[in-house]
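Just so you know, ligand 1 is whichever comes first in the structure, and atom 1 is the first atom listed for that ligand. Owing to the predicted nature of the structure, the values given are computational and were not obtained by experimental measurement.
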Amino acid sequence: MGFATIDDMPDVAGKRVLVRADLNVPIADGRVTDATRLSAAVPTLAAMADRGACVLVLSHFGRPTPGDKSLSLAAIAPALSAVMGRPVGFVADCIGPVAEAAVAAMTPGSIMVLENARFHPGEKANDPGFVAALARLGDFYINDAFSVSHRAHASTAGLAHVLPAFAGRSMAAELVALEKALGNPEHPVAAVVGGAKVSSKLDVLTHLVTKVDHLMIGGAMANTFLAARGIAVGKSLCEHDLAPMVLDILARAQVAGCTVHLPYEVVVARELAANAPHRSCNVHEVADDEMILDLGEAAVEALADAIKTCRTLVWNGPLGAFETTPFDAATVTLARIAGALTQSGGLVSVAGGGDTVAALNHAGVAEQFSYVSTAGGAFLEWMEGKPLPGVVALERRK
Ligand code: 3PG
Ligand code: MG
């Protein structure tokens, strides 16, 4: 690996360790609704505390506007404590006298969450003065937040240049999994890309056709491809103005020898509602007042047959309107097949980004995949082949 991990750290007993975690978890009515990212932070935080370090957790929370202090991490520290099963304190600022006094009073093995780094404009600006103020609090820096590594912020990139920097357990696991999936994968490689909009994934698709052997397009974005090929998609969600872009992607795929799988059989209905009357049909038979809401059974079977010939699978985005039954069928069926192929040892499967984790959890197979990323935007930028500033900053320290 091109970066140092916490296994490469010198003795940290009695030292102050700044750990950049991603505590940006969803909350509703003051309660954390998905603690996955908190759980992901535990191995590194526990390891540091067990080695006798004074552990400072650094994170952002939401996207506060200047002066708005409502997005406080004060509510998240107790949730992290609950997940860790040990006390976690909270410090009302991440720099300055308040933070410095709190850190000076810490005992080895204790853990404190610092207030939202984005309360200071220097965080997003990666301002050297703010970086220096953060660096005063720690002897070592650990980045364990892959899901924010697409941001060149003070806490994700700046600190790695001024303190001895290491990748945390989650960061390291993520980078190893991603390397296996796209960096240096075993071929043949299949990518499933779904979701509503081609416009948000143009760069992903353009990059993937040069990397994978099979590109499987689902979700409403498949409608844009079908329409660009002259197929009438009725009332389906579709970005008609993107036709030239998707035709360009198809042309690039052909040059690169990437097989693009578009649905040829679909499930249509007149409205998107639970158990709305629906039927399966050939893509050429969609009526003017119908919309495509899922892939048909035969189309899913064809995708499964192709995945069975592959060694590696990358999955981003649902195949259909999976939040609404029965339009979750294709996503659930294909995810279960991929999970089973992974478990039987024939397939490395990596999933991530946006709705993907929710879709795999809905199918009950997240645990069966080789790796499921906690990242949204960072996973997409990685799929676009872009260098991630937080990762690059770690790599230059090796
Ligand atoms: C996320 O939730 O995607 C990460 O925490 C990054 O947050 P951001 O998109 O506000 O930078
Ligand atoms: Mg984001």
Asks: Between Arg279 and Glu290, is there a salt bridge with N-O shorter than 4.0 Å?
Replies: yes

Asks: Taking only heavy atoms of Asn24, which atoms of ligand 1 are found under 4.0 Å from at least one of them?
Replies: 1 (C), 2 (O), 4 (C), 5 (O), 7 (O)

Asks: Check each atom of ligand 1 against the heavy atoms of Arg151 and keep those under 4.0 Å away; list them by number with element.
Replies: 8 (P), 9 (O), 11 (O)

Asks: List ligand 1 atoms under 4.0 Å from Arg63, heavy atoms only on the residue side.
Replies: 8 (P), 9 (O), 10 (O)

Asks: Could you grab the distance from atom CZ of Phe90 to atom CG of Leu80, nearest 0.5 Å is fine?
Replies: 12.0 Å

Asks: To the nearest 0.5 Å, tell me how far Asp288 CG sits from Lys235 NZ.
Replies: 10.5 Å

Asks: For ligand 1, note which part of His153 has a heavy atom under 4.0 Å away: side chain, backbone, both or neither.
Replies: neither

Asks: Charged N to carboxylate O below 4.0 Å: is that the case for Arg118 and Asp68?
Replies: no

Asks: Taking only heavy atoms of Asp22 into account, list the atoms of ligand 1 that are under 4.0 Å away from them.
Replies: 4 (C), 5 (O)

Asks: Would you call Asp22-Arg151 a salt bridge at under 4.0 Å N-O?
Replies: no

Asks: Could you tell me if any non-hydrogen atom of Ser147 lies under 4.0 Å from any atom of ligand 1?
Replies: yes

Asks: If the contact criterion is a heavy-atom separation under 4.0 Å, does Arg118 count as touching ligand 1?
Replies: yes

Asks: Which residue pairs pass the ring pair (Phe, Tyr, Trp, His ring centres under 6.0 Å) test when at least one of the two sits in residues 209-251, sequence neighbours left out?
Replies: His214-His261

